[in-house]
There are 2 protein chains.
Amino acid sequence: MTAEPPAPDTPETPAPGTATPGTPTPGTATPGTVRPGGRTARVRAAVLRAAEDALVEHGFSGLDLGDVAQRAEVGRTTVYRRWGTTSALVADLLTDMAEQSLPRTRTGSLAEDLRANARLVQRTLADPRQGALFRAVIVAATCDPGAAEALRRFYLRRVEEWAPCVTEAVERGELPPDTDEFEAVRAVSAPLYYRMLTTAEPLDEAAADRAAAAAEAAARAGAYRRQDI
Amino acid sequence: MTAEPPAPDTPETPAPGTATPGTPTPGTATPGTVRPGGRTARVRAAVLRAAEDALVEHGFSGLDLGDVAQRAEVGRTTVYRRWGTTSALVADLLTDMAEQSLPRTRTGSLAEDLRANARLVQRTLADPRQGALFRAVIVAATCDPGAAEALRRFYLRRVEEWAPCVTEAVERGELPPDTDEFEAVRAVSAPLYYRMLTTAEPLDEAAADRAAAAAEAAARAGAYRRQDI
DNA sequence: GACCTAATGGAACAGGAATCCCGTTAATGA
DNA sequence: TCATTAACGGGATTCCTGTTCCATTAGGTC
C-alpha cells in the first residue's frame with residue numbers, strides 16, 4: 001500500500017496481444033515493466049489506494065476506472081492502459097494485499113490460537129471498511145479468473161500464516177498426527193464467511209468463538225485427517 | 001421454473017416512486033400486478049429462464065437486460081420496465097427458486113442425514129450449471145440489498161428444510177438439548193462454500209463427507225449450543 | 001362477443017464508459 | 001548533464017447500455 005518501490009513481476013494482464021509469440025514486440029510491452037521506478041510506482045500506489053476506496057464505497061459492481069483515475073488524480077488513459085478492466089485492477093490490488101502479511105499471534109494452546117484467528121477474521125469482516133473491501137474482492141474473484149487466482153494466492157498466504165498453530169498442536173499430541181493443517185485453519189473462517197454471505201445475523205465475537213470451538217472439536221475428532229476413508 | 005401460473009405477491013420492486021403514499025396512483029402501478037395471468041405470466045417465466053441461462057454463461061457481472069430480453073424473445077422495453085435492474089431480476093429469480101423446495105432425504109441417523117445434506121450441496125455446487133448459477137446469485141446478493149434479502153429467504157427455506165434432522169437427533173439424545181439446529185445445519189454447508197470461493201480444489205464427495213463429519217463432531221461437542229457463555 | 005385498458009414491443013433518443021490520437025513529461029543509462 | 005523513449009494525460013471519437021415515445025396486442029369484465 002505505502003509506495004511500492006518496484007513491480008517485481010508482471011502485475012497486469014500477462015499480454016495484451018496474442019499475435020506473433022516469436023517476436024518480442026519491443027514497443028508493445030505492458031506498461032509499467034520497463035521503467036517501474038519513480039512515477040510509475042507512485043501512479044500504481046495511488047491507483048490501488050483509490051481502487052480500494054472506490055470498492056469500499058460502491059462495491060465491485062460500481063467500480064468505474066474513470067472514477068478511480070479521478071480519485072487517484074491520474075489520467076483516465078493511464079488506468080485504462082495499465083489495467084484495462086476492473087477485474088485486472090482488483091487482481092493487482094489483491095496481489096498487493098497479499099504482500100502485507102499481518103503476523104499471527106502466538107499463544108500456547110490450540111483453543112487460544114484458533115480463537116485468536118477467528119476473532120481476527122471476525123473483526124476484519126465486521127469492520128465497515130475492511131468488510132466491504134473483502135466482499136468486493138470476493139465478488140471480483142467470482143466474476144473473473146485472474147482475480148480468482150489472485151484471491152486464492154491471498155488466502156493461501158493467510159492460511160499458511162496460521163497453519164503452524166495446528167501442526168504445533170499435532171506435535172503436542174492434542175490432535176491426530178495426520179491432521180490436515182490447512183483444512184483445519186480454513187474450518188475456522190468458513191462459518192464466518194458463510195454467515196456473512198447468506199444471513200443478516202451480525203458477525204460478533206460469539207460467532208467467532210463458536211467457529212473456533214467447532215473447528216477445534218472437529219479437528220480433535222479427526223474430521224480433518226488426510227487419508228480419510 | 002415451469003410456467004409459473006400467477007404471481008401471488010409483488011414479485012418486482014415494491015414501488016417505483018416514493019411520492020404521495022396517500023394516493024394509490026392507479027396509472028403508475030408496477031406492471032404485472034393488475035393482469036398477472038396469461039401473457040404476463042408467460043413473459044415472466046420466459047425472462048426468468050433466460051436470466052438463468054445468461055447468469056450461467058456470463059455470470060452476474062455479464063448480465064445484460066437486453067441480452068435477457070433477446071433470449072426470452074421478449075421486448076427490451078418490457079424487461080427494463082418490469083425489472084429495471086439486473087439486481088431486481090436476480091432477486092425475482094431467487095424468490096422463484098425458493099418456491100421450488102426439494103425435500104430432504106430422511107434417514108435414521110444424524111451422521112447419514114448430515115452427509116446426505118452435504119452431498120446434495122456438493123453436487124449442486126459442483127454441477128456446471130447449478131454451481132455457476134449459485135455463484136452468480138451470491139454475487140448479486142453481495143451487490144444489492146434487495147437480492148441479498150431474497151438470497152437470505154432462499155437459504156432460510158433450505159435450512160428450515162434440513163433443521164428437523166438435528167432436532168430429531170437432539171430428541172434421541174445424540175446431541176446436547178440446547179443445540180441450535182440452524183447453526184448446525186449451516187455448519188455443513190459453510191466449508192463447501194468457503195472452499196468454492198477461496199480455493200481451486202475440487203468439490204468432491206470427500207470434501208462433502210468431511211464437512212458433514214466435522215459438523216457432526218462439533219455438534220456433539222456442544223459447539224452449537226444456544227446459551228454459550 | 002364487445003369494450004376498456006394493462007401490458008407489450010419496435011424504434012428513436014440520450015448519456016456514459018471504453019478507446020484512440022497525439023503532444024508532454026520524466027525515468028533510465030551513457 | 002544529455003539523449004532516448006517509456007509512460008503519462010487531455011481531448012475527440014466510438015460503442016453500448018438504458019430510457020422514452022407511441023402504436024399494437026391481448027387480459028379482464030360486462
Side-chain angles (χ1 to χ4, degrees), chain A residues 3-7 10-13 16-17 24-48 50-51 54 58 60-89 92, chain B residues 3-7 10-13 16-17 24-47 50-51 54 58 60-89:
Chain A
E4 297 292 315
T10 61
E12 291 79 36
T13 55
T25 60
T28 328
T30 54
T33 56
V34 179
R35 289 180 183 176
R39 181 168 60 166
T40 298
R42 277 197 304 277
V43 165
R44 183 171 116 105
V47 167
L48 291 188
H58 302 116
F60 178 69
S61 63
L63 188 62
D64 171 26
L65 294 187
D67 173 54
V68 170
Q70 264 193 330
R71 289 168 186 260
E73 294 178 326
V74 156
R76 277 195 308 282
T77 313
T78 300
V79 177
Y80 278 107
R81 183 169 33 218
R82 282 189 65 178
W83 288 277
T85 66
T86 53
S87 301
L89 178 57
D92 195 24
Chain B
E4 296 291 317
T10 62
E12 291 78 37
T13 54
T25 59
T28 328
T30 54
T33 55
V34 180
R35 290 180 184 174
R39 184 168 60 167
T40 299
R42 278 198 304 277
V43 165
R44 183 172 114 105
V47 167
H58 307 301
F60 178 69
S61 64
L63 188 62
D64 172 28
L65 294 188
D67 173 54
V68 170
Q70 264 194 331
R71 289 169 185 261
E73 294 179 324
V74 155
R76 277 199 308 280
T77 314
T78 301
V79 177
Y80 278 108
R81 182 170 33 220
R82 283 189 63 179
W83 288 277
T85 66
T86 54
S87 300
L89 178 57

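Each chain gets a letter, A, B and so on, in the order its sequence line appears, and its residues count up from 1. The figures that follow rest on heavy atoms only: side chains count, while hydrogens, waters and symmetry mates do not.
- Contact between B/Val68 and B/Ala50 at its shortest, heavy atoms only, is O-CB, 3.7 Å.
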For nucleotides 16-25 of chain D, read 5' to 3', which letter fits each nucleotide if B means a protein heavy atom sits under 4.0 Å from the base, S means only the sugar-phosphate is that close, and - means neither? -SBBBB---B
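- Take A/Arg71 and apply the side chain to side chain donor-acceptor pair (under 3.5 Å) test, not counting sequence neighbours, and it matches A/Glu57, A/Asp67.
- Under the 4.5 Å side-chain criterion, counting only non-hydrogen atoms from C-beta, A/Leu48 is in contact with A/Leu89.
- Atom CZ in B/Arg82 sits roughly 8 Å away from atom P in C/dA7 (whole-Å rounding).
- Nucleotide D/dC8 holds its C1' atom 11 Å from the CH2 atom of A/Trp83, rounded to whole Å.
- End-to-end axis angle for the helix from C/dG1-D/dC30 to C/dA30-D/dT1, using five pairs per end and rounding to 10°, comes out at 60°.
- The side chain of B/Thr78 contributes no N or O atom lying less than 4.0 Å from OP1 or OP2 of C/dA7.
- B/Ala46 and B/Ala72 get closest at one heavy-atom pair: O-CB, 3.6 Å.
- Counting all heavy atoms, side chain and backbone alike, B/Leu65 lies closest to B/Gly84 at CD1-O, 3.4 Å.
- Protein atom CZ of A/Arg42 is 10 Å distant from nucleotide atom P of D/dG9, rounded to whole Å.
- In this entry the distance linking CZ of A/Arg44 with P of D/dC8 reads 12 Å, nearest Å.
- The shortest distance between side-chain heavy atoms of A/Asp92 and A/Trp83 falls below 4.5 Å.
- For A/Thr78, the side-chain contact (heavy atoms from CB on, under 4.5 Å) test picks out A/Val43, A/Val74, A/Arg81, A/Arg82, with sequence neighbours left out.
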